[in-house]
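Here the structure comes first, spelled out in structure tokens, and everything after it is commentary.
Atoms within each ligand, like the ligands themselves, are counted from 1 in listed order. Since the model is a prediction, treat every value here as computed from it, not as a measurement.
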Amino acid sequence: MANTVTDISLNDGNTIPQLGFGVYQIEPKDTAEAVGRALEIGYRHIDTAEMYGNEAEVGEAVRASGLDRGDVFVTSKLNNGFHRPEDARRAFESTLAALKMDYVDLFLIHWPLPTRYDGDFVSTWKALEEFQRDGRARSIGVSNFQVPHLERLAAEADVVPAVNQVEVHPYLTNEQVRAYGREHNILTEAWSPIAQGRVLDDPTVVDVAEQVGRTPAQVVLRWHVQRGDIVFPKSTTPKRIEENFQLFDFTLDDTAMERISGLDKGEAGRTGPNPDEFDYIPA
Ligand SMILES: NC(=O)c1ccc[n+]([C@@H]2O[C@H](COP(=O)([O-])OP(=O)(O)OC[C@H]3O[C@@H](n4cnc5c(N)ncnc54)[C@H](OP(=O)(O)O)[C@@H]3O)[C@@H](O)[C@H]2O)c1
């Protein structure tokens, strides 16, 4: 079985590689090397954000790779301080300038911030619709949106988000948000797919890994892939960057899938902030 990353169709007709490389918490000085390594191994999808402070280094690595711009799928996200439409327009231009790119493949509202901006994330979304119309964002989506936030966009906006990027891993399977996405043609992107390492010594995960002769990280990432979600594990360790790329040359049977899904702890399994309450605006 060849290890070929699946491309998935988005609701706007574009496609996205199901496996990418995440760069949250990679220091700017280490980013170009890590992304360069990932591109060398075969990753063709990079997930960054203005908040991560390493967009420039992502752009640098893509250019240094010698790959055509069109062969690498690049996502970035609008930072929390820029939700007002005029700020969003300026922030989006800064993102493109930092990346030194004339378009991104996907641009997301990073957090809904329902307790900020008088609860208005709809005008922010309409600014993203402009970026898509003028071709500078090939696809647009949201991140950390809960079902009521998605329902509000459905009622008040024109474009259905292509993706919703939310925390998902075996301890927080996030079924309600994923089900809404399935029903409305919004793909789920699973952030912190291995819960930043916390799920890797779980006895069930370790047992499944032993049974299929793979590592705990590989079986958890494969579980996401078989559920149809998009993943972009982060690592600055060359061996792990390689390990996390080997997901498409084995399968998990239904029993293994159900055992891993059974580890869900609901809200107690959440490792990041609750999107209904999160209101952080970087200084
Ligand atoms: N939209 C959002 O609000 C949001 C929030 C969080 C994350 N994200 C995105 O999702 C991406 C992934 O999430 P994440 O970075 O939080 O966490 P993650 O990918 O679940 O885990 C990363 C951690 O696991 C370790 N690791 C990676 N591969 C491993 C392996 N094969 N074996 C053992 N340990 C391994 C890494 O260590 P080393 O680096 O030391 O190898 C790192 O400490 C981010 O980079 C970002 O792009 C988005």
From Y52, F278, Y24, F232 - option closest to atom 12 (C) of ligand 1 by heavy atom: F232
For atom 13 (O) of ligand 1, the protein heavy atom that lies nearest, with its residue and separation: S192 N, 3.1 Å
Ligand 1 contact by P193, heavy-atom criterion under 4.0 angstrom: yes
Numbering as shown, the atoms of ligand 1 that approach I194 to under 4.0 Å (heavy-atom distance): 18 (P), 20 (O), 21 (O), 24 (O), 26 (N), 27 (C), 28 (N), 29 (C), 35 (C)
Interfacing atoms of ligand 1 (cut-off 4.0 Å, heavy-atom, L200): 32 (N), 33 (C), 34 (N)
F21 to ligand 1, any heavy atom closer than 4.0 Å: no
Element-labelled atoms of ligand 1 that are located less than 4.0 Å from some non-hydrogen atom of T237: 38 (P), 40 (O), 41 (O)
Parallel, tilted or perpendicular: ring planes of W191 versus W111, cut at 30 and 60 degrees: perpendicular
Sub-4.0 Å atoms of ligand 1 with respect to non-hydrogen atoms of W111: 3 (O)
Pair F82 and H110, ring centroids less than 6.0 Å apart: no
Pair D47 + K77, salt bridge at N-O below 4.0 Å: yes
Plane angle bin for Y43 and F21 - parallel if under 30°, tilted between 30 and 60°, otherwise perpendicular: perpendicular
Stacked cation flag R138 on F73, 6.0 angstrom / 45 deg: no
Atoms in ligand 1 flagged as close to T236, the criterion being non-hydrogen separation under 4.0 Å: 38 (P), 39 (O), 41 (O)
Atom 47 (O) of ligand 1: the protein heavy-atom neighbour that sits closest, reported with distance to 0.1 Å: D47 OD2, 2.7 Å
Nearest-neighbour protein heavy atom for atom 3 (O) of ligand 1, which is reported as residue plus atom name and distance: N144 ND2, 3.0 Å
P233 N/O to ligand 1 N/O under 3.5 Å: no
Best match, E242, Q196, K239: closest heavy atom to atom 21 (O) of ligand 1: Q196
Side-chain donor-acceptor contact under 3.5 Å, T95 with E50: no
Geometric class of the H83/Y117 ring pair [parallel <30°, tilted 30-60°, perpendicular >60°]: parallel
Salt-bridge criterion met for E267 and R270 (N-O under 4.0 Å): yes
Top protein contact for atom 6 (C) of ligand 1, by heavy-atom distance: W191 CE3, 3.2 Å
Ligand-side contact atoms (ligand 1) for residue partner A195, heavy atom cut-off under 4.0 Å: 20 (O)
Among R178, Q18, H224, the one residue meeting side chain to side chain donor-acceptor pair (under 3.5 Å) with D229: R178
Closest approach of any protein heavy atom to atom 28 (N) of ligand 1, naming residue and atom: N244 ND2, 3.0 Å
Selected option - heavy-atom contact closest to atom 19 (O) of ligand 1, from E243, Q25, K234: K234
Pairing of D249 and R214 as salt bridge, 4.0 angstrom limit: yes
D202-Y171 side chain donor-acceptor pair, cut-off 3.5 Å: yes
Polar side chain donor-acceptor pair, T251 to Q226, under 3.5 angstrom: no
Region of S235 that comes within reach of ligand 1 [heavy atoms, distance under 4.0 Å]: both
For H110, the ligand 1 atoms whose distance to one of its heavy atoms is below 4.0 Å: 1 (N), 2 (C), 3 (O)
Heavy atom of the protein closest to atom 29 (C) of ligand 1 (residue, atom name, distance): R240 CD, 3.5 Å
